[in-house]
Amino acid sequence: MSSHGSDNIASEKHIAAHDVSSTAVPAVPNPHASGKEKAVYNAELFAAIKEAKIEPWSKESIHLYFCIFVAFCCACANGYDGSLMTAIIGMPLFQTALDVEDTGNKAAVIFSMYSVGAMVGMPFAAYVADKLGRRKSMFSGGVIIITGMIIISSSHSFGQFVVGRFVLGLGISVMTVAAPAYAVEVAPPHWRGRCTGFYNCGWFGGAIPAAIVCFGSNYITNDWCWRVPLIGQAVACLIVMVGVFFIPESPRWLIANGREDEAHAFLVKYHGNRNPESRLVQLQIEEMREGIKLDGIDKVWWDYRPFLMSHSGRWRLAQVLMISIFGQFSGNGLGYFNTVIFKNIGVESVEAQLGYNILNQGLSAIGALTAMSLTDKMHRRKVLVIGTFMCAAALATNAGLSAVLDNNRQAGLPFDTAYGQGALASYFMFNIIFSFTYTPLQGAIPTEALETTTRAKGLALSGFIVNGMGFINLFAGPHALRNIGYKYIFVFVAWDVVESIIWFLFGVESQGRTLEQLEWVYNQPNPVKASLKVDKVVIADDGKVAEKVVA
């Protein structure tokens, strides 16, 4: 890359963003330069961002927010279902209509069939996202989900309901491959964490309305008490299906499909304040040209070999596996059975259980949104290591208090309100900590770890694993809670400690770098160590970068 005038880093030749080794910089720092020294992960990107100064409330930025909102609604559709079935399974009229209980075999099938459908749909979802583009893929997912909604909301038999759940899973697989890829690919580099974090917070954008609708509809005295919430699944999908007609396609997908002029126009408009000479635009377009191949692996829908055949691919796959497994099996799967858990710690009435479900979703959303607002500032790896360990501590507290309540119950002693409140509070605390730690990063980590030409496939693989873990949670959960009760929680206490150690040893830090520059990180012998390497820059009085300090 060549320099672009006097605003460039004064003391060095501008180098490719993926080559951040200090030995690659030929110049020496200017001893006479004045200003404040700052450690950053990517000096070139940091300098470009300082010069770009994207106006947060310009017409283009507001339109970009709408783009992210459309992706957000895809996550809302997924979150709505999670909270929906948690509430509906506890409704007596639903149990009578379909001859099911809130635990046991039939409950397990109803819950898990959604995950089965998503697992089946994931490989096809990757092909659709790469072939048709992110926008058309989101639209297609909405059509399939509405079809599933019609099947389940009109159900008069257990079999019909199960088929509808499978169709819903197919639709959500298409949406949740395209949407996070779109969010990360359209976001400016320094907004990427918040944009992808906001996308994944869409889970609560669906879960909270579902919990509220179910709470209100529980007072209906006929089958519409559970049919109305099911129909509500169409709302987020309709917003997506209309919204995709008013948003541009991902610039990285455009370049991967030979449409560079359109990609450049997107970057100039949304990342460059309509300035074609913007340094941030030039940096990104050159990195995309270098990192995206027109004959890339995305053109061969069945080929997943890049994840296994190279050092970089295996490390990228490791990040996807870790966030996909840990993000579903850290105890958060218990949330599907909130009404059962509340019952076990002394909350007996259905109305109270549904009310606490709303409170739990609201508190979790506060944790997730707080983390989302800080995602571009917090180090991903540190948050995951500490947060996961704190999840273990909160669950251990809940399980210990639940054990006391269970022992008292078996001994015929009266219910101890203090222990019940403590168990409830620690369960809420676990969900807040988990949401702060994982919810924004479940969208950010896999999308950042994957290259453009493997992103849809990698997200499909992530979705397959997520739903596979979800299947285990949803199928095993009702049986475990029936057979061993609170002891099931201790499984997650031990596993969360293991997760925290794995994040410390193998978690790659991706904050503060461009998507293309992460290629350098993953190609190093030890990507974890490489990801922690920082550049030092000197910031002048006008806020721009005066020079890069060479070690």
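Positions are given from 1 along the sequence.
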Reference residue Leu450; test side-chain contact (heavy atoms from CB on, under 4.5 Å); the match among Leu459, Val184, Ile445: Leu459
Which heavy atom of [X] sits nearest a heavy atom of [Y], and at what distance?
X      : Y      : result
Ser217 : Met91  : OG-CE, 3.8 Å
Tyr522 : Gln319 : OH-CG, 3.4 Å
Ile145 : Ala77  : CD1-CB, 4.3 Å
Ala234 : Met149 : CB-CE, 3.6 Å
Arg165 : Phe111 : NH2-O, 3.4 Å
Val240 : Cys73  : CG2-CB, 3.5 Å

Are there more than 12 heavy atoms of other residues, nucleotides or ligands under 6.0 Å from atom [atom1] of [X]?
X      : atom1 : result
Tyr419 : OH    : no
Met390 : CE    : no
Phe66  : CZ    : yes
Phe389 : CZ    : no
Phe464 : CZ    : no
Tyr356 : OH    : no

Donor-acceptor check, side chain of [X] to backbone of [Y], threshold 3.5 angstrom: yes or no?
X      : Y      : value
Asn431 : Asn360 : no
Thr96  : Leu93  : no
Thr439 : Phe436 : no
Ser500 : Val497 : no
Asn408 : Leu413 : no
Asp99  : Gln95  : no
Thr375 : Met372 : yes
Ser435 : Ile432 : no

Taking side chain as C-beta onward, heavy atoms only, is [X] less than 4.5 Å from [Y]?
X      : Y      : result
Arg455 : Arg252 : yes
Glu101 : Lys106 : no
Met122 : Thr176 : yes
Val404 : Asp416 : no
Tyr182 : Tyr199 : no
Arg380 : Glu448 : yes
Ile247 : Met138 : yes
Val70  : Val244 : yes

Hits for salt bridge (Lys or Arg N to Asp or Glu O under 4.0 Å) against Arg194, two or more places apart or cross-chain, chain-then-number order -> Asp376
Do the rings of Phe428 and Phe342 sit parallel, tilted or perpendicular, given the 30° and 60° boundaries? perpendicular
Whether the [X] and [Y] side chains hold a donor-acceptor pair (N or O, under 3.5 Å, no angle test) is what I'd like checked.
X      : Y      : result
Asp406 : Gln410 : yes
Trp495 : Glu499 : yes
Thr388 : Tyr438 : yes
Gln160 : Ser154 : yes

Applying side-chain contact (heavy atoms from CB on, under 4.5 Å), name anything that partners Ile465, two or more places apart in sequence or on another chain. Leu321, Ser324, Ile325, Leu461, Met469
Taking NZ, NE, NH1 and NH2 as the nitrogens, is one of them in Glu249 or Arg134 under 4.0 Å from a carboxylate oxygen of the other? no
Is the closest basic N to carboxylate O distance between Lys382 and Glu509 below 4.0 Å? no
Positive for ring-ring contact (aromatic ring centres under 6.0 Å, His included) with Phe198, one of Trp191, Tyr65, Phe72, Trp203: Phe72
Among Phe161, Trp224, Phe158, whose ring-ring contact (aromatic ring centres under 6.0 Å, His included) with Phe94 holds? Phe161
So Phe329 and Phe492, ring-ring contact (aromatic ring centres under 6.0 Å, His included) or not? Walk me through it. CA-CA 7 Å; Phe329 208 67; Phe492 298 107; 5.0 Å; yes
Both conditions, 6.0 Å and 45 degrees, for the charged tip of Arg381 above the ring of Phe504: are they met here? yes
If you apply the rule side-chain contact (heavy atoms from CB on, under 4.5 Å), what do you find for Trp503 with Ile323, and how did you get there? CA-CA 9 Å; Trp503 278 123; Ile323 194 67; 4.0 Å; yes
According to side chain to side chain donor-acceptor pair (under 3.5 Å), who are the partners of Asp496, at least two apart in sequence or on a separate chain? none
